[in-house]
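Since the structure comes first, as structure tokens, the remarks are kept for the end.
Atoms within each ligand, like the ligands themselves, are counted from 1 in listed order. All values reported here derive from a predicted model rather than from experimental measurement.
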Amino acid sequence: MKIEHLGIAVKSLENADLLFSKLLGAEPYKHETVEREGVTTSFYKTGESKIELLEASNAESPIAKFIEKRGEGIHHIALGVENIAKEVERLKKEGFIFISEEPKEGADNKLVVFLHPKSTNGVLVELCQEKP
Ligand SMILES: CC[C@@H](C(=O)O)C(=O)SCCNC(=O)CCNC(=O)[C@H](O)C(C)(C)COP(=O)(O)OP(=O)(O)OC[C@H]1O[C@@H](n2cnc3c(N)ncnc32)[C@H](O)[C@@H]1OP(=O)(O)O
Ligand SMILES: [Co+2]
């Protein structure tokens, strides 16, 4: 598995874009809103991985709750997998707990599922697979 992206929760995508563009010396290659997840995203290429900036798109968003409780910062780590259904079955057998086992459409042409941070040392882990 490789680290497909790191998700970073930000209050303002506009301000964070200015900062990350300077930091990485490159512009984001994509902005995408995923309303079902309550997020607007901005993606940067960083070698073989990516950085996904996440701004809440509504008050109920996991990003709004996260920032309220913990402030801005690293929100999740996303692991790229070849076959998401197989990985869900494998990890369930290993005792990991999924927030939802059914892969859903994420951003940037991916199917995604999340493991609960309580089963992964307090880190929210996303599995993602390129959409067929
Ligand atoms: C754009 C789509 C996709 C992509 O393609 O890349 C994305 O990345 S979407 C990213 C946003 N979506 C999600 O985060 C979905 C998965 N998350 C959830 O379902 C929830 O956020 C949660 C993890 C189940 C927590 O929800 P809930 O229990 O309702 O929230 P609380 O605020 O009450 O938190 C409970 C507990 O969990 C801790 N927590 C919350 N978020 C995280 C996190 N990102 N990392 C680590 N821990 C987290 C929170 O602090 C609470 O802990 P305690 O206070 O100790 O109980
Ligand atoms: Co993500």
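In this structure, atom 47 (N) of ligand 1 has protein heavy atoms in its sub-4.0 angstrom surroundings. Remark: atom 5 (O) of ligand 1 lies closer than 4.0 Å to at least one protein heavy atom. Proximity of atom 25 (C) of ligand 1 to the protein is not indicated, since no non-hydrogen protein atom lies closer than 4.0 angstrom. Counting protein heavy atoms under 4.0 angstrom from atom 28 (O) of ligand 1 gives zero. Closer than 4.0 Å to atom 40 (C) of ligand 1 lies none of the heavy atoms of the protein. The presence of a protein heavy atom under 4.0 Å from atom 53 (P) of ligand 1 is ruled out.
In the vicinity of His75, heavy-atom distances shorter than 4.0 Å reach the ligand 1 atoms 11 (C), 14 (O), 43 (C), 44 (N), 45 (N). Close contacts of ligand 1 with Leu124, meaning ligand atoms under 4.0 Å from a residue heavy atom, involve 14 (O), 43 (C), 44 (N), 45 (N). Of all the atoms in ligand 1, the ones that sit under 4.0 Å from a non-hydrogen atom of Ile99 are 16 (C), 17 (N), 18 (C), 19 (O), 23 (C), 24 (C).
When atom types are taken as modelled, the side chain of Thr41 and the backbone of Glu32 share a donor-acceptor pair closer than 3.5 angstrom.
Taking hydrophobic clusters as Ile, Leu, Val, Met, Phe, Trp and Tyr residues chained together by side-chain heavy-atom distances below 4.5 Å, Leu18 does not share a cluster with Val10. At a threshold of 4.5 Å between side-chain heavy atoms, the hydrophobic network of Ile, Leu, Val, Met, Phe, Trp and Tyr places Leu91 and Val88 in one connected group. Tyr44 and Leu13 end up in the same hydrophobic cluster when Ile, Leu, Val, Met, Phe, Trp and Tyr side chains are linked at under 4.5 Å.
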Verdict with supporting geometry, Glu52 and His75, side-chain hydrogen bond (donor to acceptor under 3.5 Å, both in side chains): CA-CA 10 Å; Glu52 175 186 46; His75 176 261; over 6 Å; no

Salt bridge (charged side-chain N to carboxylate O under 4.0 Å, His left out) between Glu89 and Lys86, intermediate numbers included: CA-CA 5 Å; Glu89 286 314 309; Lys86 249 188 186 170; over 6 Å; no

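Looking at Glu52 and the Co ion (ligand 2) together, the shortest N, O or S contact belongs to OE1. The minimum distance between the Co ion (ligand 2) and any N, O or S atom of Glu126 involves atom OE1.
Around the NZ atom of Lys2, the shell of radius 6.0 Å holds more than 12 heavy atoms that belong to other residues, nucleotides or ligands.
For atom 42 (C) of ligand 1, the nearest protein heavy atom (residue, atom name, distance) is Phe66 CD1, 3.8 Å. In terms of protein heavy-atom proximity, atom 20 (C) of ligand 1 is nearest to Pro62 CB, 4.4 Å. Remark: minimum distance from atom 16 (C) of ligand 1 to any protein heavy atom is reached at Phe114 CG, 3.7 Å. Val39 CG2, 3.5 Å is the protein heavy atom nearest to atom 1 (C) of ligand 1.
At least one heavy atom of Glu37 sits less than 4.0 Å from an atom of ligand 1. Between Lys118 and ligand 1 there is a heavy-atom distance shorter than 4.0 Å. Taking 4.0 Å as the cut-off, Gly7 does not count as a neighbour of ligand 1 on heavy-atom distance.
The aromatic rings of Phe43 and His5 stand perpendicular to each other, their planes meeting at an angle above 60°, with 30° marking the opposite boundary.
Taking the charged nitrogens against the carboxylate oxygens, Lys110 and Glu4 do have a contact shorter than 4.0 Å, which makes a salt bridge. Classification of Glu87 and Arg90 as a salt-bridged pair holds, one side-chain N sitting under 4.0 Å from a carboxylate O. In summary, Glu68 and Lys65 do not engage in a salt bridge, as defined by a charged side-chain N under 4.0 Å from a carboxylate O.
Only the side chain of Arg70 comes within 4.0 Å of ligand 1, counting heavy atoms alone; its backbone N, CA, C and O stay farther away. The part of Val34 lying near ligand 1 is the side chain, judged by heavy-atom distances below 4.0 Å.
For atom 30 (O) of ligand 1, the nearest non-hydrogen atom from the set Arg36, His5, Glu60, Lys65 comes from Lys65. When the options His76, Lys69, Lys104 are ranked by their closest heavy atom to atom 31 (P) of ligand 1, first place goes to Lys69.
Taking the Co ion (ligand 2) as the apex, the angle formed with NE2 of His5 and NE2 of His76 is 100°, to the nearest 10 degrees.
No side-chain heavy atom of Val113 sits under 4.5 Å from any side-chain heavy atom of Glu101. Two residues are said to be in side-chain contact when any heavy atoms from C-beta on lie closer than 4.5 Å; Lys11 and Ile67 meet this criterion. Leu124 has its side chain within reach of Ile99: a pair of non-hydrogen atoms, C-beta onward, lies under 4.5 Å apart.
Residue His116 has no nitrogen or oxygen atom sitting less than 3.5 Å from a nitrogen or oxygen atom of ligand 1, judged on distance alone. For ligand 1, the polar-atom distance check finds an N/O of Ala107 within less than 3.5 Å of one of the ligand's N/O atoms.
Geometrically, Lys45 engages Tyr29 in a cation-pi contact defined by less than 6.0 Å to the ring centre and at most 45° from the axis.
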